[in-house]
Amino acid sequence: MQTLSQQLNILTPSPLQRIQPQWRNCADYQIYIKRDDLIHPIISGNKWRKLSNVLEVATKNGTEHIGSFGGGYSNHIHALAYCCHTLGIRFTAFIRGNYSGNETPMLNDIACWGAEICYLSKLDYKQRDQSGFVSELARNHSIDYMIPEGGSQADCFAGMQHLLDEIDEPFDVMLSPVASGGTIAGLATSAGHVTNIIGIAVLKGQAYIDDLVADLIGSINVNTPYSIHHEYHGGGYAKANTELKHFCADSTKALGIPFEPVYSGKVLFALKHMIEKGLLPKGTRLLMLHTGGMQSAR
Ligand SMILES: *Cc1c(COP(=O)(O)O)cnc(C)c1O
């Protein structure tokens, strides 16, 4: 029987690629990128990492109908809808706000893949993590399995351990974007050849994000220490100033790797800033996790 990755045409292990940008002080470091953006053309890299274990369990248990939460541009909803479509699992997306008559490209895609779309008012959407609200939605829509927003839950951590398992050289620091927190929480609870993780918050709200990650980790052991930097979000989620947009375009051209301003561009910008300001010890081996998200660049 085909594995889930084979059924979905997932390319793992993703490549580890050395880059040599023309930044100040760059010669003092060895910089690599973990190319999770190449895992799949539609399924965004870290969304696959977070969903792989959950979908494995769901298919084993014969789950017939999955539900999840997201905004109108959510990479998570997009990836999950595509996976469910390919695997023949019914899927309902609970979307924040009402886009009927004004669908985003992402919503059009998932409708094509047979997803059922249910719009929630912003007030209702606020209850997306409350178990009573979630179980009532599941009951009303006959959903077997509800996945939280962003796919971020402790069940997603196994996929992040797989990611670290693919890295067989030592790195002092790994940089990763942080939004709903599942990626960094999963990396922190996993163990491998990475000594430290630096998370780059892509949205505003320091205490909120720090708590989100700490809550996801809960009482699970932190095996790879992490810290989260909050000075690179550029004003908030999906906010990009002209400088960041130019930086993404220039870096895409110079390095031959695609960068977009929502996630990977902010992390690369942070990396450049830390190197140029000498914030990282000389000789450090650095690894940037490119989480993908390129299908959202349109
Ligand atoms: C969702 C997403 C993230 C953020 O990951 P979290 O686990 O939500 O913190 C980063 N990069 C890309 C491309 C994403 O789609």
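Whatever order the structure lists ligands and atoms in, that order sets their numbers, starting from 1. Here the structure is a predicted model, which is why all the values come from computation and not from measurement. The basis for the numbers below is simple: all heavy atoms, side chains too, and nothing from hydrogens, waters or symmetry mates.
Thr291 OG1, 2.6 Å is the protein heavy atom nearest to atom 11 (N) of ligand 1. Summary of contacts: the protein heavy atom closest to atom 2 (C) of ligand 1 is Lys47 NZ, 2.3 Å. Nearest non-hydrogen protein atom to atom 5 (O) of ligand 1 is Asn46 ND2, 3.0 Å. The nearest heavy-atom contact from the protein to atom 10 (C) of ligand 1 is Tyr263 CD2, 3.2 Å.
The structure places CG of Leu163 at 7.0 Å from CD1 of Ile39, a figure rounded to the nearest 0.5 Å.
Under the 4.5 Å side-chain criterion, counting only non-hydrogen atoms from C-beta, Val57 is not in contact with Asp155. Side-chain atoms of Ser44 and Thr291, non-hydrogen and from C-beta on, never get closer than 4.5 Å to each other. Contact of the Lys50 side chain with the Met160 side chain is registered, since non-hydrogen atoms from C-beta on lie closer than 4.5 Å.
Those atoms of ligand 1 that come under 4.0 Å of a heavy atom in Ala179, given as number and element, are 4 (C), 6 (P), 8 (O), 9 (O). Atoms of ligand 1 lying under 4.0 Å from at least one heavy atom of Thr183, given by number and element, are 5 (O), 6 (P), 7 (O). Within ligand 1, the atoms closer than 4.0 Å to a non-hydrogen atom of Pro177 are 10 (C), 11 (N), numbered from 1 in the order shown. Under a 4.0 Å criterion applied to the non-hydrogen atoms of Gly293, ligand 1 contributes the atoms 13 (C). Atoms of ligand 1 lying under 4.0 Å from any heavy atom of Lys50, numbered from 1 in the order shown and given with element: 5 (O), 6 (P), 7 (O), 8 (O). If you number the atoms of ligand 1 from 1 as listed, the ones under 4.0 Å from a heavy atom of Ser44 come out as 13 (C), 15 (O). Those atoms of ligand 1 with a heavy atom of Val178 less than 4.0 angstrom away are 9 (O).
Scanning all heavy atoms of the two residues, the minimum distance from Cys118 to His141 falls at SG-CE1, 4.0 Å.
Aromatic ring pairs are classed by plane angle as parallel below 30°, tilted from 30° to 60° and perpendicular above 60°; the pair Tyr99 and Tyr73 is perpendicular.
A cation-pi contact, defined as under 6.0 Å to the ring centre and within 45° of the axis, links Arg285 to Phe171.
Under 4.0 Å from ligand 1, heavy atoms of Ser180 appear from its side chain as well as its backbone.
Separation of the His290 and Tyr263 ring centroids does not fall under the 6.0 Å cut-off.
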